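Following: one structure in structure tokens, then a few remarks.
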Amino acid sequence: MTQLPFPLAEEPDDISREAGRKLFAGDTNFVKGVVAMSGLPPADRVEVCFAGRSNVGKSSLINALTGRKGLARASNTPGRTQEINYFERDALYLVDLPGYGFANAPVATVAKWQELMKNYLSGRPTLRRAFVLIDSRHGIKKVDDEILTLLDKSAVTFQVVLTKADKIKTSEYPKLLEQVAKALSKHPAAYPELILTSSEKGEGIPTLRSTINSLLAD
């Protein structure tokens, strides 16, 4: 079998797993919601951001990652996250970007959010990596292309995190991984490993934690 160019990240070893656990063992706190570049906090620490289309499970993943159920507000209403939301954990910022691909928001509002994300991604010197969330049930869709292309143009390394893995059968994984790998092969800024997660079951959360911890160590 041919090795996919974007394999699943390996489970962390015991040392890396524990380091990732410790990184998020303390309190992660909400800092502020930002609606303009002038409102960004000082660029005084490493930050990683999370992007994804609406209802991809972004809030649930951030809550699972930090071990705080109510930290990021999950909603069934597309486009609820209309700001860049900052959370802090010691020497790290977690940044929750507005969801994209929603149908109910006014055109002018969508344009404003898109411009804000564009400026953020291209102008934040401490941004170490973007994690782009993709629903395992759907794979990469046309609606995702815009943010992936924007990350390419901004020279921001991004890594795909597949969400809701518990919603599909294990037998469906190969087809999903093949589709995602094929789509990512067109994007030079894509980091060549995928992380498969389930916020509900906790699958992949230790891998994501250790990945973020390794970015602090770099």
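Numbers here are sequence positions counted from 1. Keep in mind it's a predicted model, so treat the numbers as computed, not measured.
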Any side-chain heavy-atom pair of P98 and E83 under 4.5 Å: no
With L162 as reference, evaluate L133, D135, I134, I168 under the side-chain contact (heavy atoms from CB on, under 4.5 Å) test and give the passing residue. I134
Return the OG to CD distance between S210 and E10, rounded to the nearest 0.5 Å. 11.0 Å
Mind listing the closest non-hydrogen atom pair of I195 and A9 along with its distance? CG1-CB, 4.1 Å
Could you check whether any side-chain N or O of S16 sits under 3.5 Å from a backbone N or O of P12, counting only pairs where one atom can act as donor and the other as acceptor? no
Side chain to side chain contact (heavy atoms under 4.5 Å, CB included) between E200 and K167, worked out: CA-CA 10 Å; E200 188 173 319; K167 305 300 183 184; 3.5 Å; yes
If you define the side chain from C-beta out and look only at heavy atoms, does anything of L184 sit under 4.5 Å from V160? yes
After noting the C-alpha distance and the side-chain angles of T126 and E47, does the key distance pass the side chain to side chain donor-acceptor pair (under 3.5 Å) rule? CA-CA 6 Å; T126 47; E47 58 191 71; 3.3 Å; yes
Once you round to the nearest 0.5 Å, how far does CD of E193 lie from OG1 of T211? 7.0 Å
Quick one: pull up NZ in K58 and OG in S54 and give me the separation to the nearest 0.5 Å. 7.5 Å
Going through the distances and angles, do H187 and L151 end up as a side chain to side chain contact (heavy atoms under 4.5 Å, CB included)? CA-CA 9 Å; H187 295 281; L151 288 161; over 6 Å; no
Assess, by modelled atom type and distance only, whether the side chains of N63 and S60 contain a donor and an acceptor separated by less than 3.5 Å. no
Transitively linked via ILVMFWY side-chain contacts under 4.5 Å: V35 with V31? no
Residues two or more places apart in sequence or in another chain: which of them pass side chain to side chain contact (heavy atoms under 4.5 Å, CB included) with F30? N85, F87
Would one find more than 12 heavy atoms of other residues, nucleotides or ligands at under 6.0 Å from atom CZ of R68? yes
Would you say P7 and L194 make side-chain contact, with heavy atoms under 4.5 Å? no
Ring of Y191, cation from R129 - is the NZ or CZ under 6.0 Å from the centre and inside 45° of the axis? yes
About how many Å separate SG of C49 and OH of Y86, when rounded to the nearest 0.5 Å? 8.5 Å
Short question: side chain of E203, backbone of L196 - any donor-acceptor pair under 3.5 Å? no
Between F24 and the options I205, L94, N213, the side-chain contact (heavy atoms from CB on, under 4.5 Å) test singles out L94
Take I212 and L65 through the side chain to side chain contact (heavy atoms under 4.5 Å, CB included) test and state the conclusion after the steps. CA-CA 10 Å; I212 294 173; L65 182 68; 3.8 Å; yes
Within a strict 4.5 Å, meaning less than it, do heavy atoms of the L208 and L61 side chains meet? yes
Is the closest side-chain heavy-atom distance between Q159 and V132 below 4.5 Å? no
Determine the minimum heavy-atom distance between A189 and V156, stating which atoms define it. CB-O, 3.4 Å
For residues Y120 and L40, determine if any side-chain heavy atom of one lies less than 4.5 Å from a side-chain heavy atom of the other. yes
Is the number of heavy atoms from other residues, nucleotides or ligands under 6.0 Å of D44 CG greater than 12? yes
Within the side chain of R89, is there an N or O that forms a donor-acceptor pair under 3.5 Å with the backbone of L23? yes
In short, salt bridge (Lys or Arg N to Asp or Glu O under 4.0 Å) pairs touching residues 139-161 with sequence neighbours left out are R53-D144
Closest heavy-atom contact between A91 and L216? O-CD2, 3.7 Å
How close do G39 and V34 get, counting heavy atoms only, and between which atoms? O-CG2, 3.5 Å
Between E11 and R17, does the salt bridge (charged side-chain N to carboxylate O under 4.0 Å, His left out) criterion hold? Intermediate values first, please. CA-CA 8 Å; E11 287 279 335; R17 186 186 184 97; 3.7 Å; yes
Measure up the F131 and F50 rings against each other and bin them: parallel (under 30°), tilted (30 to 60°), perpendicular (over 60°). parallel
How close do P42 and Y93 get, heavy atom to heavy atom, and via which atoms? O-CE1, 3.7 Å
If you group Ile, Leu, Val, Met, Phe, Trp and Tyr by side-chain heavy-atom gaps below 4.5 Å, do M37 and L121 land in one group? yes
Taking atom OG1 of T66 and atom CG of D27, what is their separation to the nearest 0.5 Å? 10.0 Å
With rounding to the nearest 0.5 Å, note down the distance linking OG in S136 to CG in D166. 8.5 Å
Hey, are the side chains of L92 and R45 touching, using non-hydrogen atoms and a 4.5 Å cut-off? no
Passes salt bridge (charged side-chain N to carboxylate O under 4.0 Å, His left out), E18 versus R21? Steps please. CA-CA 5 Å; E18 179 62 10; R21 186 197 68 78; 2.7 Å; yes
With heavy-atom distances below 4.5 Å as the criterion, would you say the side chains of D96 and I84 are in contact? no
Could you please spell out the steps behind the side chain to side chain contact (heavy atoms under 4.5 Å, CB included) verdict for K169 and E172? CA-CA 5 Å; K169 298 177 181 177; E172 297 177 76; 3.4 Å; yes
